[in-house]
Amino acid sequence: MEDSQFAVQAVVTKPEKTSGRGMKLHSSPVYTLAKQMNIPVWTPLSLKDSKPLESLKSLDISAVVVVDYGLILPSYLLNWFSNRVFNIHTSLLPRWRGAAPIVHCLLAGDKKTGVTLQKMVPRLDAGDIIYQLGFDISDQMNSLDVLKKMESLSFQLMSKYLPLFLNGAISPVSQDESSATYASKIEKSQLKINWSDSSGDLFNKVRAMVIKNGVYTLYQGSRLKIWSADYDNESHQEECGKIMLYNGKGLKVACGQGHLYLKEVQLEGRKIQKIAPFLRGFPLKTGYIFD
RNA sequence: CGCGAGGUGGAGCAGUCUGGUAGCUCACCGGGCUCAUAACCCGGAGGUCGCAGGUUCAAAUCCUGCCCUCGCAA
């Protein structure tokens with residue numbers, strides 16, 4: 001942001017809170033960066049009360065951009081800066097409105113996604129679309145790769161297309177409500193692998209959940225995370241979750257339909273490892289059934 | 001003071017409980033063998049056992065402090 005033609009007048013972010021190992025005090029990266037650059041920062045606990053932010057009104061603000069804030073934006077803010085509040089959403093709206101668009105688009109096996117610059121309205125991600133930048137998702141991409149791609153595209157939206165809109169060169173388009181889909185929040189329970197799922201679904205799940213700290217299965221009571229995998233659709237009669245064999249493609253595991261090949265894994269308390277070196281130090285038993 | 005695991009040749013681990021020669025799989029170098037293989041056989045190099053103290057005739061191993069990595073939970 002600091003490179004664009006905008007001057008950042010103020011930053012509002014969540015307050016510092018205790019978190020992480022040892023429950024130490026941590027602040028958001030935005031907070032840290034803003035402090036370094038001597039930009040005024042507000043960190044209200046809640047936005048229900050408008051008083052803490054009153055002083056924002058006196059600033060010369062041409063646009064308010066909301067990025068990944070996690071708290072519901074109250075209507076008084078929209079009123080203060082009417083028609084000047086924008087949001088960058090990490091999907092091609094109206095598909096995947098809501099909390100976890102990147103994860104859901106990978107879970108669904110979407111071949112395309114993108115970022116959307118929209119107007120903020122009281123309804124969730126339902127604002128008029130100012131501009132969208134799309135791209136193809138390859139089988140090799142996981143959710144982190146997608147996010148990384150989106151970061152650069154988001155920057156383009158901010159630095160190029162937002163100014164164009166503010167100058168009147170772009171007119172917003174309303175969303176097609178009939179094709180809207182919603183990306184619900186991801187629950188912890190969704191991170192455990194259900195081996196009766198099809199290999200294709202599990203392959204998508206592995207890629208999608210990387211950004212959520214990875215999917216896992218249980219081996220003799222210990223968590224084994226799966227960071228990357230491959231799959232086939234061969235039919236078989238084996239029990240779901242059974243370790244079949246190890247070959248150049250990975251560690252072959254039977255699924256509800258087809259097989260998943262584990263390529264990068266991580267056991268509790270250890271580092272992420274390619275499957276070959278991992279098996280050297282921790283030989284998984286062929287024939288074991290993952291839970 | 002949220003709970004827990006770990007730091008040992010280049011990689012991954014065992015050894016720590018019960019102190020006494022630095023071990024295994026792989027990679028690497030040299031040699032051999034095979035039509036062939038993540039192949040096999042023989043030989044070799046490579047380690048301040050995270051750091052700092054302490055106990056001991058003797059510490060990877062026991063005690064204390066610190067650094068770093070990771071899993072869970074928030």
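Throughout, a chain's letter reflects where its sequence line sits, starting with A, and its residues are numbered from 1. Model, not experiment: these values are computed from the prediction.
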Could you give the distance separating B/C1 and B/G15 at their C1' atoms, to the nearest angstrom?
34 Å
Expressed in whole Å, how much space separates the P atoms belonging to B/U64 and B/A22?
26 Å
If the C1' atom of B/C62 is compared with that of B/C49, how far apart are they to the nearest Å?
16 Å
Atom NZ of residue position A/K274 - does it have more than 12 heavy atoms of other residues, nucleotides or ligands inside 6.0 Å?
no
Integer angstrom distance from the C1' of B/A14 to that of B/U61
13 Å
With a 6.0 Å cut-off (strictly less than), is the heavy-atom count around NZ of A/K285, excluding the residue itself, greater than 12?
no
If you measure from the C1' atom in B/G4 to the same atom in B/U21, how many Å do you get, rounded?
35 Å
Looking at A/Q9, I want to see if its CD is surrounded by more than 12 non-hydrogen atoms of other residues, nucleotides or ligands under 6.0 Å.
yes
So, A/Q118 and A/D125: side-chain donor and acceptor under 3.5 Å apart, yes or no?
yes
How far apart are the closest heavy atoms of A/A254 and A/M244, and which atoms are they?
N-CG, 4.0 Å
Answer yes if A/L124 and A/V65 sit in the same cluster of Ile, Leu, Val, Met, Phe, Trp and Tyr residues linked by side chain heavy atoms under 4.5 Å apart, and no otherwise.
no
Distance alone, cut at 3.5 Å: any donor-acceptor contact between the side chains of A/R207 and A/Q140?
no
We want to know whether A/N247 and A/K252 form a side-chain donor-acceptor pair, criterion being a heavy-atom distance below 3.5 angstrom.
no
B/A45 and B/G10, which share atom name C1', separated by this distance in whole Å:
12 Å
Do we see a donor-acceptor contact under 3.5 Å between the side chains of A/S222 and A/E268?
no
Short N/O separations, protein against nucleotides 70-74 of chain B, under 3.5 angstrom:
{"residue": "B/C70", "atom": "O3'", "partner": "A/Q266", "partner atom": "NE2", "Å": "3.3"}
{"residue": "B/C70", "atom": "O2'", "partner": "A/R270", "partner atom": "N", "Å": "3.3"}
{"residue": "B/C70", "atom": "O2'", "partner": "A/R270", "partner atom": "O", "Å": "3.0"}
{"residue": "B/C70", "atom": "N4", "partner": "A/R21", "partner atom": "NE", "Å": "3.2"}
{"residue": "B/G71", "atom": "OP2", "partner": "A/R21", "partner atom": "NH2", "Å": "3.3"}
{"residue": "B/G71", "atom": "O4'", "partner": "A/G269", "partner atom": "N", "Å": "3.1"}
{"residue": "B/G71", "atom": "N7", "partner": "A/R21", "partner atom": "NE", "Å": "3.4"}
{"residue": "B/G71", "atom": "N7", "partner": "A/R21", "partner atom": "NH2", "Å": "3.3"}
{"residue": "B/G71", "atom": "O6", "partner": "A/R21", "partner atom": "NE", "Å": "3.3"}
{"residue": "B/C72", "atom": "OP1", "partner": "A/K225", "partner atom": "NZ", "Å": "3.4"}

What does the 5'-to-3' dot-bracket notation of RNA chain B look like when only Watson-Crick and G-U wobble pairs under 3.5 Å count, and pairs to other strands show as |?
.(((((((.[[[[.)....(..]]]].(((((.......))))).....[[[[[..)....]]]]]))))))..
So what does A/Y246 hit on the nucleic acid, given a heavy-atom distance under 4.0 Å: a base, only sugar-phosphate, or nothing?
base
Return the polar atom pairs (N/O with N/O) between nucleotides 24-27 of chain B and the protein under 3.5 Å, or none.
{"residue": "B/C26", "atom": "O4'", "partner": "A/R280", "partner atom": "NE", "Å": "3.4"}
{"residue": "B/C26", "atom": "O2'", "partner": "A/R280", "partner atom": "NH2", "Å": "3.2"}

Rounded to whole angstrom, note down the P distance from B/G9 over to B/A60.
14 Å
Answer yes or no on whether A/K249 is positioned over the face of A/Y261, meaning its NZ or CZ is under 6.0 Å from the six-membered ring centre and within 45° of the axis.
yes
Taking atom P in both B/U8 and B/C13, what distance in whole Å separates the two?
9 Å
Let's go through A/K192 and A/D291 carefully: what are the C-alpha distance in whole Å and the side-chain angles of both, what is the deciding distance for salt bridge (Lys or Arg N to Asp or Glu O under 4.0 Å) to 0.1 Å, and is it a yes or a no?
CA-CA 9 Å; A/K192 188 179 173 201; A/D291 179 21; 3.7 Å; yes
